[in-house]
J.: 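Submitted below is the structure of interest, expressed as structure tokens.
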Amino acid sequence: MIEEGALGRSAGLIAGFAPSSVLVLTHPALAGPYAESLLVGLRAAGVRVSPLALPPGERGKSLRTVERVYAAMAEASLDRRSLLVTVGGGVLGDLGGFAAATYLRGIDFVQAPTTLLAQVDASVGGKTGVDLPQGKNLVGAFHQPRAVIIDTATLRTLPARELRAGLAEVVKYGIIRDAAFFERVGALLPALLGRRADALTEVIRRSCEIKAEVVSADETEQGLRAVLNFGHTVGHALEAVTSYRRYKHGEAISIGMISACLVGERLGVTPPEVTARVEALLRAARLPVDYPADLATDAVIAAMERDKKRVAGRHTFVLARRIGEVEIRGDVPETAIREAIAEHLRRGSAP
Ligand SMILES: NC(=O)c1ccc[n+]([C@@H]2O[C@H](COP(=O)([O-])OP(=O)(O)OC[C@H]3O[C@@H](n4cnc5c(N)ncnc54)[C@H](O)[C@@H]3O)[C@@H](O)[C@H]2O)c1
Ligand SMILES: [Zn+2]
């Protein structure tokens with residue numbers, strides 16, 4: 001369900017699943033504007049419902065917080081026919097989904113993502129989980145939500161930087177799968193940055209379709225699903241090297257998509273005009289594209305080597321053949337990556 005005002009109208013849908021009770025998970029700042037209308041609607045529909053507001057932030061995506069959620073579930077006497085609803089971004093969706101996947105060996109959950117990133121990415125594919133001090137998303141489970149409720153009206157209060165970070169993944173979907181969509185995102189960019197409901201609905205719908213197509217062809221991440229990692233090899237490394245503090249995920253992926261294009265150029269896969277078009281669209285979305293000059297290349301490459309996506313010595317990259325078509329290469333030599341980073345740095349420092 002993707003529409004303006006969907007949250008206010010979703011109580012009937014959730015009540016229709018006939019849950020014995022519902023726990024609504026959200027953040028304090030989102031409780032009043034978004035979760036409350038759902039609570040009121042569910043109560044009016046005769047559903048027993050309790051709320052739990054957790055502090056925001058990736059640091060809360062932990063087993064400790066999951067334990068808090070379990071405690072609230074037990075205190076509210078949730079049983080196997082109960083249902084968990086998350087109203088929040090990707091952190092809450094991943095965390096709540098994991099709690100639902102594991103409480104009583106699995107209860108239903110419904111996701112109401114309120115960030116663009118969560119709407120176009122985290123809400124599709126059934127991945128749930130939490131971070132460990134040793135790394136992100138190290139503990140998790142596949143658990144599909146019964147329903148995903150995407151209310152574009154929630155994006156009006158989303159900080160602009162979070163909105164743009166979500167747009168990076170939207171641009172990625174165009175590059176990996178749909179050239180016409182890539183063009184369309186460019187045409188709609190002013191409307192998207194201005195949070196026009198029709199433009200947001202259109203790109204969220206297509207983004208979810210593309211992710212669902214890729215995921216359903218490859219439920220357990222053996223092959224095709226890896227194309228979703230376009231821009232993520234270097235992007236993840238930049239996030240890790242900066243301790244997840246400097247960049248929003250989408251910002252790191254924006255820079256990483258340019259890195260992937262430049263690696264693709266080195267291997268003769270990506271034509272330079274593709275790089276130029278990707279860069280122009282990301283710049284227009286006011287996303288960062290320049291490689292950070294203060295980070296040591298060795299440290300970034302070391303972080304890539306620690307990333308779980310690497311297979312046996314060679315680096316795996318998703319490379320763009322053209323806009324709308326990518327290939328997965330598991331044999332990218334480190335020299336090509338070093339050359340691409342050097343070129344990326346030269347471009348950033350060029351007048
Ligand atoms: N499961 C998946 O497939 C998948 C895919 C991509 C990302 N993720 C995960 O998603 C997480 C990132 O998600 P995110 O970018 O949504 O971050 P987030 O959940 O931390 O939300 C970002 C911030 O925006 C606030 N916020 C959320 N909605 C708002 C709204 N409508 N108005 C105002 N403020 C709002 C939140 O409180 C938070 O402070 C990461 O943990 C990542 O691992 C999961
Ligand atoms: Zn991503």
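As the structure lists them, so they are numbered: ligands from 1, and atoms in each ligand from 1. The structure displayed is predicted, hence computed values, not measured ones.
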J.: Is the centre of the His143 ring less than 6.0 Å from the centre of the Phe98 ring?
T.: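 They do not qualify: ring centres at least 6.0 Å apart.
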
J.: Looking at the Zn ion (ligand 2), which N/O/S atom of His232 is the nearest one?
T.: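 This residue's closest N, O or S atom turns out to be NE2.
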
J.: Can we say Lys136 and Glu58 salt-bridge, meaning some charged N sits less than 4.0 Å from an Asp/Glu carboxylate O?
T.: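 Judged by the 4.0 Å cut-off on N to carboxylate O distance, Lys136 and Glu58 do form a salt bridge.
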
J.: Would you say atom 25 (C) of ligand 1 has a protein heavy atom nearer than 4.0 Å?
T.: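 No, there is no protein heavy atom closer to it than 4.0 Å.
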
J.: Does Asp121 pair with Lys211 as a salt bridge, N-O distance under 4.0 Å?
T.: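 Judged by the 4.0 Å cut-off on N to carboxylate O distance, Asp121 and Lys211 do form a salt bridge.
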
J.: Enumerate the atoms of ligand 1 whose separation from the nearest heavy atom of Leu30 is less than 4.0 angstrom.
T.: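 Under 4.0 Å from Leu30, ligand 1 has these atoms: 27 (C), 28 (N), 29 (C), 30 (C), 32 (N), 35 (C).
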
J.: Just going by heavy-atom distances, which of Arg59, His27, Lys61, Lys211 is nearest to atom 42 (C) of ligand 1?
T.: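 Checking each option, the heavy atom nearest atom 42 (C) of ligand 1 is found in Lys61.
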
J.: Indicate whether any N or O donor in one side chain lies under 3.5 Å from an N or O acceptor in the other, for Glu265 and Thr275.
T.: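 There is such a pair between these side chains.
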
J.: What is the closest protein heavy atom to atom 12 (C) of ligand 1, and at what distance does it sit?
T.: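 Among all protein heavy atoms, the one nearest atom 12 (C) of ligand 1 is Leu117 CD2, 3.7 Å.
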
J.: The Zn ion (ligand 2) to Glu169: any N/O/S contact under 2.8 Å?
T.: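 Here the distance criterion (N, O or S atom, under 2.8 Å) is met by Glu169, so yes.
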
J.: I need the contact type for Leu155 against ligand 1. Using non-hydrogen atoms and a strict under-4.0 Å cut-off, is it side chain, backbone, both or neither?
T.: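 Neither; no heavy atom under 4.0 Å.
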
J.: Which of the listed options, Gly90, Gly140, Pro28, holds the heavy atom that is closest to atom 14 (P) of ligand 1?
T.: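 Closest candidate by heavy-atom distance is Gly90.
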
J.: Closest non-hydrogen protein atom to atom 20 (O) of ligand 1, residue and atom name please, with distance?
T.: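 The answer is Val91 CG2, 3.3 Å.
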
J.: Against heavy atoms of Glu58, which atoms of ligand 1 measure under 4.0 Å?
T.: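 Numbered from 1, ligand 1 contributes 40 (C), 41 (O).
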
J.: Just so I know, are the side chains of Leu319 and Val326 near enough to count as touching, which here means a heavy-atom distance under 4.5 Å?
T.: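 Of all side-chain heavy-atom pairs linking Val326 with Leu319, none is under 4.5 Å.
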
J.: Nearest non-hydrogen atom to atom 31 (N) of ligand 1 belongs to which of Val215, Thr154, Thr115, Asp131?
T.: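 Nearest option to atom 31 (N) of ligand 1, by heavy atoms: Thr154.
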
